[in-house]
Structure formats: structure tokens, C-alpha cells
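When reading the values below, keep in mind they use all heavy atoms of this one structure, side chains included, and skip hydrogens, waters and symmetry mates. This structure is a prediction, so every number in the text was calculated from the model and none was measured.
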Amino acid sequence: MPEDVQNQGIDRRKFLTVLGATSGGAIALSGCSTSRVEKLIPYLVQSEDQVPGVPTYYASTCTECASGCGVHVKTREGRAIKLEGNPAHPVNRGKLCARGQASLQGLYNPGRVRGPMLRTGGTLKPISWDDAIARLAAEVGKAGGRVAAISGAGRGTFSDLLAEWVGAIGGRVTRYEPFDHEPMRLANRQVFGTDELPAHDFGKARFIISFGADFLDTWLSPMEGQRGFSQSHGFSERGMARHVYIGPRMSMTGLNADEWVSVTPGSEVALALAMANVLLGAGGAPADAGGLRGALAGYTPADASRETGLPAATIERLAREFGTAGPGLAVAGGIATQDRHAVELCAAVNILNYVAGNIGQTVRFGAELPAADGYQGVAGLMAAMDAGQVGLLLVHEANPVYTLPHAAGFEARLRKVPFKVSTSLYLDETAALCDLLIPNLHPLERWDDTRPGAGLYGLMQPVMEPVFPTMGEVPSVTHTGMPGTYMESPAAVVGISTGDVLLRVAKKAGGPLSRFTAATFEAYLKDAWRGLAGEQGGAGDFDTFWREALARGGVYGERPVTEVRLASGLSPARYARPAFDGDGEFIFAPFPHSFLYDGRGTNRPWLLENPDPVTKITWHSWVEVSPATARRLDVERGEMVRLVSPHGAVEAPIWVYDGLRDDVIAMPTGFGHTEYGQYAKGRGANALDLLGAPGDTPFVPYLSTRVRVEKLNTWMAVATTEGTPRQLGRGIAEAMPLAAAARGLTVKQAYREAAGVAEGEEHPVTEIAAIKGWRAEQIEMRKLGDYVVAQPSWGMSIDLARCTGCSACVTACYAENNIPTVGYDEVLRGREMSWMRIERYWEGGEQTGQPLQARFVPMLCQHCENAPCEPVCPVYAAYHTADGLNGQVYNRCVGTRYCGNNCPYKVRYFNWYKYNERAFPEPLNLQLNPDVTVRARGVMEKCTMCVQRIRGMQHQARLEDRAIKDGEFMTACAQACPSDAIVFGDMRDPASRVARIRQDPRGYHVLEDLNTRPAITYLAKVLHGAEA
Amino acid sequence: MRKTALVAGAAVLASLVALLIFGTPSGAQQQKSTAADSARVYVLDAADTASLRGPRQPIFFRHDLHAGQYKMECQYCHYSVAVAPEPGIPSLQTCMGCHAVVGGSDSTNRAEIAKLRKAFSENKPVEWVRIHFLARHVHFPHSQHIKALGPSACATCHGDVTRMPQVFQVNNVNNMGFCISCHIERKVTRDCTTCHY
Amino acid sequence: MKMPMPARRVVPGVLASFEHIDAAIDAIRALRAGGHRDLTVYTASPNHEVEEAMGHTSSPVRLFTLVGGLTGCAAGFAMTIWMSRDWPVLVGGKPIVSIPPYVVIAFELTILVGALSTLFGVAVLSLLKAGRKIAYDPRFTDDRIGVFVAAKPAQAPALERLLREAGAVEVTHAAA
Amino acid sequence: MAVIAPNFTITQTHADVTRDVVATLERPSRGYYLALFGAVGLFLIGLVTFAILLRDGLGHAGYTPPVMWAVYITTFVFWVGIGHAGTLISAILFLFRSPWRTAVYRATEAMTVFAVMTAGLFPIIHIGRQWIFYWLLPYPNQRYLWPNFKSPLMWDVFAISTYLTVSTTFLIFGLIPDVAAVRDKVTGWRKFIYSQLSLGWQGTDTQWRHYSRAYLYLAALATPLVLSVHSVVSWDFASGIVPGWHGTIFAPYFVAGAIYSGIGMVLTLLIPLRKSLRLEHMITEYHFDNLAKLTLLTGCILFYSYGMEYFVAWYSGNTFEQTTFFLRPFGPDWWAGWSMIICNAFVSQLLWFKKIRTNLTALFVISIFINIGMWFERYVIISSSLTNDYIPWAWDHRLNPTWADWGILAGSFGWFGMYFLLFARNFPIVAIQEIKEMIPMPRRRAPGGHH
């Protein structure tokens, strides 16, 4: 397929069709037909940063969530094919989560709105850009001052423009973000007199206690959370931090905790305050905390114990450990604990942190993480709508119709607005109700920037032309690509972003808007950055500043840290049990889906097929109940139930989960779209339908309703990739106590010690000698042809003490290796193709009475030296390369599938259907990696350790007459892993990192006794000892 | 199945014969360019262009003139062949570099060059008919081969284009034996994942 | 095994058909005693007495079987070993050339080639005399036993007498 | 009047034999045509199913990874097994000079050839890219590539194709004299056809001399072959590391099973055939009694093998083996596990009683059980072993066959039945010349008398 490179940049239709042939790897595989006439279409003008067959990287910024990670966009022949972390970026340091990587499927999403549309006679009909802009200008005029806009939390030059623009014509912009951190801001104002969001340093903390904040998957800034957590909680000579999770349900973050403390929902406040109280008593608290003594006096562990149902001793223990473990860190505010008293909870946790002296240490104010206006804003907007003060509503990067609880009644009010404009890229629920759609460009297609925090300025540049030619045209401009050289834009054509639209409308409408003079949004952006350049001292030569900024993906200054003190005369409000709507017997806890989040990810097959880290369910929603509850209700896995709250009802299949309180029923958000493209529409049920309108609270209290369960006596097959979730003593995900690990014992030794078995040789010496001799002989007899010369031996190590199960590696693998998604039905038959899967084994739990613990183990091809899959292949399609890979030659494979049977790790995947044709409907096929063959039906495929990257690097090195440096390149999974658990390299090079890690006493091979001699070494998980 | 059995029997015997008699199996013959093509005069008139081998291109670009007579380096146009897996097809800008000035010696040339100028001025790319189309499951990094065999090694696979008024396929590049025979000769790797991944 | 045989030479002689085996045997003995060597005996199933009377030794077809089998075995090993050396591919950490698995192939080829060459042997051997057309009677594949003696027309009457004495129920003369 | 065995005498003369057998080739009954059309119908179902698989891929079949082999391989092994009884009876019993084989061996040998023809289709049907199955053959190609002779599947290719070739030639070779006999009885175009097929056979002393020798050697070659073929098939599994496959007893265990299932099929075919072709006086209770005894013997060997499998699993202390074998009778697929044990190990034990051995109805019913049981044996060995092997995470994807599986299975029976029926009507289903060989030729005077 690289042959198609020259199609770039000119004839779009051609571009699509020929690249469409990418997914026609089928044709290629089933025989090398050269019969069809291929056209070669040259560039008209060669752009110097596009070397055919060589990827070009552009720096940009991820906008999937507000934390604003820096990304490198890998482009080939002028189209983005992969998103990778930007190592220079302080937030994510070169790593990228599943959601960030799936942004690519947002770019190439089949559900994208391909151009402006106007509602005429009830239906949306395409119109030209000029008409759309003219119409908008006219409507703006008509609406007079009665203009309003609602946008997401994103903060940057565009949001400034929008605010100014709307402001100029007398309206205001409401910035709304679901799962926003409003309670935290309110609490911060209350306790510290500032309503900004602080940064949390998980890496420094030695004792992390989270009150329902899922800082590893969805809360605040997950990538920072992951990195910090793996630094402090990953095993090292410094030992290992402790992590206690408090909440009604064990989320992925909870599964990574050493201890799960479940308290009566809503009583977390009491717990936090009691802990603070104990710490105060213990002394060592900052002087000015003394004022709190009186206020906290009412919160003895005994009192708290009554509220929480925890033994007082436990509370004291937690408090003491938290106070003494070294810098601690308490966080709160995940939506699972966001009840009507969420503000009090955050305040209590603030106090706890303050008393423990963590403020300024692990909790740093001054970072100014982006936050929206919270629910008050929306409430205000809706009031204005009611009052008929909104004649024109502009919806930008927000989908309130879906993400607000239905009971809030946004939809009804929206319908009443005379003219509604949406800039959404996809036809989401809100856009579907609008009268005019002027789709924005995807962040990879447009000029934009973002301010994810104080001192951080992320840039976005068009790394390619708009996927849809209908995206209009503005004059091409110059900018720089990753290599740092000054060059032509890869995008000969840049589409019209919403920024451009606003500016053009401004020109048309004139009046107060005439002050916006910039020709294009790019120009506007540059002006804004001139100002920044001034601050940054780059004013002298703006071009250089601009170019460097583009090359780095933005400007990353030090995060300022501002001192905060307790607000004077602070006294925490008297704790009272939060109220719950309705009289159902269960408290309903919706929680953000790790990948779909608030539902914005639901139109991306990668995210739908990536199994939820906890339940491993794909493609549909579910209802979680505890085993005890399941018994009591007499429901089982897959049984459909209806949850009824005073505000609504939803239906979903049951999933029985040990990590859930008996009095709580949990459900993931993000499903139940009624619009939003072929993948999302009508998939599952929307948990938010059960919530009421936030009345008294200035935020959406997600944990505020009680539900009733009705059995429907129908069943639905649950598409989980989980087989048997217990290890049955097969030692797949090994673990050892901290003490043993600290003494440098091996897993076996640790076992023997625990079992009190004496150290002893398992085989007689003679036998070992004999085996050694035999093996040496065998190895001699292998030395023929390519196998004579010694070559590198590629290997990998995976540290289970660091792996959090976040599944970023899985998506990375899908993206890098053109792995097709197979969908619900095929997942049911166990036919998912994920070359890399995260197996999640339970230890303890309801059945055993022990506390439930999870062991995550990424399972991929082990590249065994004695691979059982190889000798059984009749055509050498599975064989061993001279550099230690277990090669799989797709075009040689005839599909006997014996390799799949004989693989003890079950990591070989077969193309039962023409997945390559089903999985990539246009334009999704444009995301395919040209360096990797797209597998046809009837062939076996599996992890190749990214052989395309290995060969590419070898070619590069050979061209430059040099050796490959360790760590110079790595596999997609290792590159993505946010907790740096995966290390790849040449095992034969003693200096390489992987070679050193393989020496770690914690190292072991899965199913070692089969003598398959895997090239992948796992490092055993480390557990806190009995004190946990 | 009887068929299979017969084929099997036949094949076994065939391969036996092959190994007993020749020592190495037959197959992988490559068609050689005929003398007729190689000995061509540089002046052509429309009449005998019809008889030329290979597909007719939208513009009658003559490698024998550019690469043969004027001795232009292949890499002047195929700019990325030494640094990238792909050789690169020259952008029209590259052509115009000369042909903005060079208008052609005789009427036929002038006509063709006119087409080029027209395409460039109209921003219409020229759709060259592809001669060598490698199957998509094969990765052939041009740069590696140039590195190993030197900048003039193109002819090894593409034949002597300096003598081709119209380029045609000399070797079936999709014939794996064609690659392998060379790799065996030069004692370089025959590892499958060198090309297939 | 059926070969097109143009212009088969008709052999002159006398064809007698018997109902009883011992009669046929007597006749054969008598004829051989009478110096007639060119006899052809037809039976519906193999018969030892006939073989004995005709003085047949055991058939040389076994040589074909032996040679075929050995060739097959050798070919099996030669093929597998040579092929795995021709393009060495490492699988499962096993030696490139590992004999044990190849034994299976060699064995199967032993049987295959052995069997085929046996048939070949039968074909060759039974075609030796195929050049001549000898008188035949359909009943020989049913229950009659036939004895044909090649002889010049002059001898015919004498032979007929001899055969009838031996117990032939029917005697016909075949002329060139 | 020839006494072959204490309880078996032949009363016919040579002429009777020829007459009776040739009679079987006369205009067939309506029942025959019904059966034939039924077979062809089934075959067409299989054909259509295969066409769909070719179009869309194997996904339609009930594969649930990690169960990568399923009904197709099960059926493959089933049919290969069927074949073995034929060769056993025609070759091995020939070497043992067992008198009762003569009447039945032609039918069983035909069954062998057609069963192997059927089996041979399955490896092709089941692979992912059926159109390049020939890549498994070591033919010189432009890629310079050779197949991997270390792979059990390559052994299979050789074993099966050798077996097919040899058993086919063996059948044809045995047919020659009988075809000649038929030739001399029939008239018109049929005479022409048969005389072409008889390859100029006249039954001269020279022909007999080489023929009987060659037949002996072919039998001698076929004997080790038949033992090897199913051993090789068993190694398809035994040389894998899958718990439940990786057993040293597999070869003998499979061979016994193969013969067992084969005889089962022989009974299923012969009992009705004998009736419809009016061969009661040629294929008698005596033959069925012997067949039944053979069934009993192999059945007992199977019984022992089953027991041994479980014992070894327990005795090895290998947790993987133990899990697999525990889940066979008590896991989710217990019904398959038990149907295998009951139909094979237990039902065959009924044959200890002569009453049952000589009661054709009972035998027929039992033979059906055997067919079902042996199919399930392979099903269990394949699916249950693959469903629960080393990595628990990959478990609980149980094989659940679909229309695509059943379609191909039905097709295979159609394909087999079609050939068998056609053969039975157009060639002597009982070996004329060998029966005659058993009947002494008429003599004028008492044997031994000379003058």
C-alpha cells in the first residue's frame, strides 16, 4: 500500500479510493494480483516534509479530556495514522491513554457531519459554506442581543474568541462539562478561599487515600495520576506507597488499591473529618490548623464509626498511617461519591490534607486545571431560555441533551429556542435538534490551542487536509513539523474551523462584531500567541518562537505553586446524612465508563471493543450488583432488569460484582445514545436517565437517587472477554509480599518460605547436566542458513507491580497493527482479535471471604524460544526468526489453525470472516498503518512485537551505518503504557534495560514448566503484607 | 480427494526428479528484455510508438531520452529512492524545473511537453499508469537495496530503462523466486519477516 | 493395464473345456508328457494343482515390490532432509534437520511406491504373452476349465483325441 | 457342498455363485433409488454449505476460540476411522487366511475407499484458505518454499493420500477377475463397459500366477499401512501439548477405535445390503457373528484405553490434565462425554452374548450406537480438550455447532452414501473368484485317486 503515497495532496476522491484499497489487503493476501491498473498520481508541488514511505510526526494536543496531554501525530503520506504521547509534555510525558489514542477514530469517524446543514422542512439538508455563514450572520442579526452559547470546558484562544464574540453581541457563553469538579472548587473556595483546581502529586505521596476519585482512569488528569501512582506505588528500593480506596464500588482505581474501605454511601465526610480529628490529636499539624479543633471535636472515630459502619479502630489506624507514612495525599470527588454533600466531602478532605500537612506538598495550588462553570451556568442558561431571552443558541463541543440528566429538562427548553446552531463534528443528540449545523474541524485538521493549566499552552495544527473535501478552503499557510525544519504545510488545503466561521460571520454581520478583523482564525491565534511570546520573552523573534512552539507542541512552563492558608474562621458544616430521591431499596451509583467517559467515546469502535478494565464487558451497558444482592433478588449474570427511580427507568443486563456494596447498584455512563452515529446509536441504556434535576445543589449530584429493581425474566448474552476469572493456582499472575520482595527473593522462594518448604533442588544434578548437554546439542543443530550468525534477541518485560490494567496498550496495539474490531456478536463467540489482552484475575473476594483483589496481567504472544505453535504449522507460516521473534507470515498461512490450538497462552487470533472489510468502513480505513499488512479472512494473526518497527529501525540504522541504541524505539504497547510497566529491547545486549530487568528476582515466565522459554518476562506484583 | 492423492503422488515424484537431476528446483524464470527493445534509435515518430512494449502513458515520457541520452541520474526525479522505502514519483514542479524552459526539439516532443505544461497550469495531476505494482503483503525498502547495491542498481529489477522509449515490466517483481534467487546469490537473509509483516 | 494391441497374431491350436478339475489336470499332464510346452489353462479361480501340473515357480513380481519399497524409503528421507536444508527454517527450537518426524514420511512413501511398483510388475509380467490371440470361451470365468494347446492344424486330430480321452466335454480347433 | 468352518458350509456350485452375484447387478428396486436420491440430496446440502463458507469465511461454523478445531476435524477423524475396518478385513484377515472374510471383504473394502475419499475432503474444507490447500504438497514452486515435514499435518497429507491410493488400487485389483466374470455373463453395451474394465482378464494360468502373488504383497503392504495411518492421525493430536491430547497411548487407542467404528459402519451397511441384494445365503449369521466378536474385542481395547486415560491423568498429578479429564464427564459438555463412554465402552459389552451377536436387529441397533459413540469420541477429544486448557482466562467459550457444521456433516454422509450405493449396484459386492476358490472344483472321481 505505500505505493499509493503519491496520491496525496491532490485528488481527494482518488486519495480515498486508492487508500480504500488499503483494507483490500484481502486481494493482496489471496494472491499477488497485479492485473488491476494502478495509477500513480504525483504531487503537483512536493512538500519537503513528506517523504513517501517515511512517517512524519507533528506535535499537537489531545482534546479528548480537559487535561490536555501533548501528542505526536504520526502521519504517512499526509494522513494521520496514529497518536502517540509527546515526551516533552509535562502532563503525559510521552504516554497516551486509550481515549486519547482513539481520537483518531474521531477524526475518521463514519458518523462525521461532512459539511454545513440547514433544517428545511423538518429535515437537515446540506448547504454551502457561504450560505451557512450568511444564514448564521442573518440569524445573529435577527436575534439581536438574545444570543447565548454553550461550550465545553476547553480553555484556549478559541474559547476567548467565542466569549468575546458572543459577549460583543450581548450574550454569554456557558461552559458546561459533565462530571465536572464543581464540588471541589466550591470546597476549595470554602476552605482555602480559591476556587481553582490544584495539581496532585501522586508520585511523591507515600500514602494515597481516595474518596471515590478514580484518578487512574477518569478523574481530573488520569495520565498524571497513572504516572505518579506507578512512581510511588510501583515496587522499588524505596519500598511501595500504600493506596486506600474509599467508595461504594471498586473502580479500576479501586482495584489498584491495597485496601478497599466501603462505607455507608454519603458518610465519607464523617470518615474524613474523624481522620483529621485523630491527626490533630496526634499533633504535628500546621499551627493555624489549631482553629479547627473545636469544629472537629464532634468527629471522634466513635461518631464516625456510627455513620460509616466502620470499626473505630480502623478509622484510627487509617488516620495514623495517613499521618505517619510520609507525605500523604487524600483526594475526593469522583462521581461515585458525588452525593448532595459532595462539597462537604471535598472540604473535609481539604481539611484532612491540610491537617496532615500535604497542602503545598502533594496538593499544589496554582496549577489552575481547567474547569467549567458547573451546573449553575446551565441552570442560568435554562432560566434565560425559559424567560425567552435566548433567540439563538450556539452549541460548541457540548452535548447537554445527552450528558445532562433528562429530568433537568434541557431538551424541552432547547426545542423552544427559535434558532439553534451546532458546531459538533458528529450528529449528536443536541446537534440533531439544531437548525443549523456548521461542523467544526477535528483538532487534527485545524488550528487551535488550549491551556490545560497555568504555564501550559498546547498548540494544535492541521496535520492533514480535512478528511472530507467538503470542509471548505482557506489559504494554505506555513508551519513547522516535528523534525523542526521550516517547511510547507502538509495540508495544501485547510478547512474552515469554527473559529474561521465566527470571524467570517463577524465580517458579514458587522456592527459590534466588526471589531474582529483577523482574516482567518490562524491569524487570530497567532496574534494571541504574540502576546504570549511577549510574556515568554520570545517577542523579539516571533517566528522562531512560533516555530519552536509548533515543534514542541506548545509552550510548557513550570507550574506555579501558590501558597494557600485556611480561610479564617472556617468551620465545616455540621455533617448530616445526604438525602436520596425515591424510596427504592438501593442507592444508585452511576460511574464514568473508563473509555466512553460521558459518552463522547461511544462512537469509536476501539473504545467499545476495549474491554472495561473491571468487568471486561464490551459493546453494551450493564448493571452491577453485589453477589449478596444477586442472591436476594434472585438474578444472575445476563438477566435483564429494569431499574426504576422516581425520575426514570433503564433496562440492562445484570453483572454480579464482588467489589460493590450490597446496598448499592452501579451502572456505567456513556451508553444509551439516541443519535451519535452508527456505533453509538441505540447501544445500551443511559444511566443518567435515572437522575433527577439538581435542585438545591450547584452541581449535578450523581449519587442522589434510590432505585428499585424489576426482573424482566429475559436474558441477554453478556459480551465479556472474561473466561474463568480465577487462576486455579496456575501461577499466571504471580504476586509476592512486600517483605519478600524487599529481601530480593524470587517468586518460588517466596512461595516456599510462605509454605515453610525447605530450599531444595527439584531435579537431580545428573538430570540437569544431561538436559544441559542435550540442549546445547540441539542449539548446535539449529545453526544453518540465517541462524548461523548471532543476532539481537528481542524481548520484553512487564512489571505487574506497575500495571494498572488501564488498557492503553490494547488500543495502541489496535492502532499500530490494523487490528479489526469484530463487534458484539463475534465477541460473544470469543472471536475478538486483540493481540494484547489484559487478563484480570480475582484473588479472594466474596467466595473466599478474603478481601477482593485483582491481578492484571497483559497477555500477548510470548515469542517462545521453543514455541509449540511453530512446529505444527505445515507451511512454515509460524516460525522463529533469527532475531528471536515468533514470526507469523500472513500470506503463507493457509489457516489450519493448529498453531492456535497448540498455543498454551491462547494468543493467536484467526480471521473467521472478512473482518478487514467489515471493521473499517470509510473513512475509518484511512487510519490503517501502511507498514502492516491488513489480514484477509482465513489467516491466523498475532502479536509480532511490532516487527514493522524493528525492521524500520534496522533499515534506518543501516542507512546511517550505525547500531541501534537501546530504547531508541519500542513496541506500540510499551510506548503507550502510562505506568511504564512494559519495557522492550534486545535481551542479548547485557547493557539494555530489558536485559537488566530480566535479572530482577521478581521475574518469572508464565507456564514456565512447559519449557517454552518465553521472550517475555513478568515481574511479580508486590503486595503489602498482613497490615493491609 | 482422489485428485489430491494423484497430485500428491505426482508432486512427490516430480520433486524427487527435480532434486535428483537438477539438484535445485526449477521455476522462477524471468522474462528478459529482448534485443529489439534494447537497440532503439532516439528519434521516434508516431508510427512506431504504437509498436512499443508496455502500457501507453498519458504523457509520452521517454526514459531513453532523459536517463539515456541526457544521462540524468535516476534519483534526480525518483528523489527518495536512497532514503526511503519508496522511490518517489517526481512532482510536476520537478518536471517544470526544466520544461518551463525546454520546449522540445521536434513536433512530437513539443506536443507531449505541452500536455505537461497544461497539467501544471491547471493543477491537474498526471495519472501515470503504474508498471511495477508490488503485492501489498510485501515490503520492499528501496533505500536498503540502493545502499547495498549502489545507486545504479535500479536496472537489476527494472531493466535498462535508459534504452526504453516506453517503460515496460522486465521482471515480474511479484514473483517471489525473483527476489529469493538474488538473495541466495548474494548470501543475504532469507528470513520471511524481512519482507512480510 | 489394458494396452491397445493392434494386429494380435491368432495362435493355431486346440481348445478343450472341462467340467472336472482332475480331468483337466490329467490332460495337462498328458500334453506336457507329450512334449507340448505351449499350454494355456483357464480357471475361474486360482488353482494349485494347475500351477503344479504346469510346473510354475513362484512369480518374480515380489522383486518389483522389494525394489519399489526401498526406493520409496530412500526417496522419503532424501526429500525431507534435502528440503529442510534447502531453506533452513527454525521451528519450535528443534534442529533444522530432525530425523524422527521424517521417519513417518519415509514410511508412507515406502508403502506407496512399493504398492505402485507391484502393480507395475504385474502389468509388465502379464503383458509378456499379450502379443498373441489365444482361443477363449466365456464360460471359463464361470465354471468351466479350459486347456489350450498351441499346435499345427496337422496335429489337431491327435490332440483332440487325447483331450477327449482325458475327459474334455468340448473340443474346438483354432486356425490361424 | 463345501464345509468352510464348523458352522459354515457353502452349498452352491461355481455356476450358482456367478449367477447369484451377477443377479445383484440387475435392475434395482425402488428402495435403492430412494436411498440414492437421499444420498445425493444430502450431498447437495453439503455442497451449498461449503459454497457459503467459501464466500464468507469459516465464521459461520460454530468455532469459539480457543476451540480452533471443531466438527470438521471431528468428522475427518470419524471417516478415516471408518476406513480402517475395511483394510483390516480385506488385508489383515487375508494374511491370516480367515475363511469368513471372503463374503464380506469386497463391501468393506469399497467402504474403506469411499470413507477415505470423504475424510480426505475435510482437511480442505476446514482450512481458512481452502483455495491454496495444495501448498501442503512438496512440489517445486517459484517461491523456492517447501512444506514443514516436522508438522503432524504434513504426515497426515502423506498418510491419507498414500492410504487412499493403496486401498483404491487394492480394491480395483481385487475386482479385475470378477469384472471379467460379469463381462462374460452380460450382453450389449454393458458387456463393452465391463470388458474395458476387466483389462483383458481371462484367468489364464500365467495371469493367476502373478495375480495371486501380487495380491499377497499388496495385502502385506496394506497391513502396516492401515496401522500407521490412524497412528499418524492420532499424532495430529498427541504431538500437540494440549492437555487431553498429549498422550502416549493415542496411537494404539486410535487404531482400536478406528477399527471399532469401522466395523460398526460395516454392520450398518451390510445388514440392509444383504437383504436388498438377496445375499442371505452368502453373507450369513456366521459372518456377523465373527464381525461382532471383532467389535467386542476392539470395544474392550477402547474400554481399557478410556480407563487408562483417566488413570494417567490422575496419576500424573498434572493439574492441567486432571482439570481436562474432570471436566469431560462433569463439565458443561458432560452429555458428549457420557455418550462417548456409554456408546463405546458399555454398549459393546452386550456382544458377549451369542444371542445378541447372531440377532441382526440387535446388531444393527448396536452398530448405530457405535457410529454415534465414535463420532462423539472425537468430538469430546477435540472440543473438551481445547475448551479448558492452560489459561483459565480463555475458558468458557464452549463449542456450539451451527447449521454450517451440520450441513457439512450431512454432506459427507451423502457423498459417502452416493458412492457406496453406486458401487453396490454396478460391481460385484461379493468377491466371486474368492468364493469359488473356497468351493472345491468338481471331480470325476474322489479326491486323491490317481491312475
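Contacts of C/Glu19 with chain D are made by backbone atoms alone, with heavy-atom separations under 4.5 Å and no side-chain atom involved. Proximity to chain D is absent for every atom of C/Ile81, based on heavy atoms less than 4.5 angstrom apart. Only the side chain of D/Tyr217 has a heavy atom closer than 4.5 Å to any heavy atom of chain C. Neither the backbone nor the side chain of D/Pro152 comes within less than 4.5 Å of any heavy atom in chain C. In this structure, no portion of D/Arg19 lies under 4.5 Å from any heavy atom of chain C.
If you tally non-hydrogen atom pairs under 4.5 Å between each of C/Ile105, C/Ile25, C/Asn47 and chain D, the highest count goes to C/Ile105. With respect to chain D, the highest number of heavy-atom pairs below 4.5 Å among C/Gly69, C/Ser59, C/Ala23 belongs to C/Ser59. Ranked by heavy-atom pairs under 4.5 Å with chain C, the first of D/Leu145, D/Thr13, D/Val232 is D/Leu145. Note: C/Tyr102 leads C/Phe140, C/Phe18, C/Phe64, C/Tyr102 in heavy-atom pairs under 4.5 Å with chain D. Counting heavy-atom pairs closer than 4.5 Å to chain C, the top-ranked of the candidates D/Ala180, D/Ser212, D/Ser228 is D/Ser228.
For the atom pair CZ of D/Phe158 and CD1 of C/Ile111, the computed distance is 14.0 Å after rounding to the nearest 0.5 Å. D/Thr206 contributes atom OG1, which lies 7.0 Å from atom CE of C/Met54 (distance to the nearest 0.5 angstrom). To the nearest 0.5 Å, atom CZ of residue D/Arg213 and atom OG1 of residue C/Thr65 are 10.0 Å apart. The distance from atom CH2 of D/Trp146 to atom CE of C/Met83, rounded to the nearest 0.5 Å, is 4.0 Å. Distance CG/D/Asp184 to CZ/C/Arg144: 13.5 Å, rounded to 0.5 Å. C/Phe148 CZ to D/Thr204 OG1: the interatomic distance, rounded to the nearest 0.5 Å, is 12.5 Å.
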- Dump the intermediate steps for side chain to side chain contact (heavy atoms under 4.5 Å, CB included) on C/Asp143 and D/Asp16, then the final yes or no. CA-CA 9 Å; C/Asp143 56 354; D/Asp16 305 339; over 6 Å; no

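Within 6.0 Å of atom CZ in D/Arg190, more than 12 heavy atoms from other residues, nucleotides or ligands are found, so the atom counts as buried in its surroundings. Around NE2 of C/His20, the count of heavy atoms belonging to other residues, nucleotides or ligands within 6.0 Å exceeds 12. Other residues, nucleotides and ligands place more than 12 heavy atoms under 6.0 Å from the OH atom of C/Tyr136.
The shortest distance between side-chain heavy atoms of D/Gln433 and C/Pro46 falls below 4.5 Å. Contact annotation: the side chain of C/Glu108 approaches that of D/Leu225 to within less than 4.5 Å [non-hydrogen atoms, C-beta and beyond]. Side chains of C/Leu112 and D/Thr165 form a contact here, defined as non-hydrogen atoms less than 4.5 Å apart. A heavy-atom distance below 4.5 Å is found between the side chains of D/Asp205 and C/Thr40. Residues D/Phe149 and C/Ser84 are not in side-chain contact: their nearest non-hydrogen atoms beyond the backbone lie 4.5 Å or more apart. Side-chain contact check for C/Pro60 versus D/His210: some heavy-atom pair is nearer than 4.5 Å.
Remark: the backbone N or O of C/Thr57 is paired with a side-chain donor or acceptor of D/Arg209 at under 3.5 angstrom.
Taking both residues in full, the closest heavy atoms of D/Leu221 and C/Gly114 are given as CD1-C, 3.6 Å, listed atom of the first, atom of the second, then distance. The shortest non-hydrogen separation linking D/Lys436 to C/Asp142 is NZ-O, 2.9 Å. The two residues D/Gln202 and C/Tyr42 come nearest to each other via the heavy atoms O-CD2, 3.6 Å. Between D/Ala214 and C/Val61, the shortest heavy-atom contact is N-CG1, 3.9 Å. When all heavy atoms of D/Lys150 and C/Pro95 are compared, the closest pair comes out as CE-O, 3.1 Å. Closest heavy-atom contact between D/Trp235 and C/Val104: CZ3-CG2, 3.9 Å.
The residues C/Asp26 and D/Arg444 are annotated as salt-bridged, a charged nitrogen and a carboxylate oxygen being separated by less than 4.0 angstrom.
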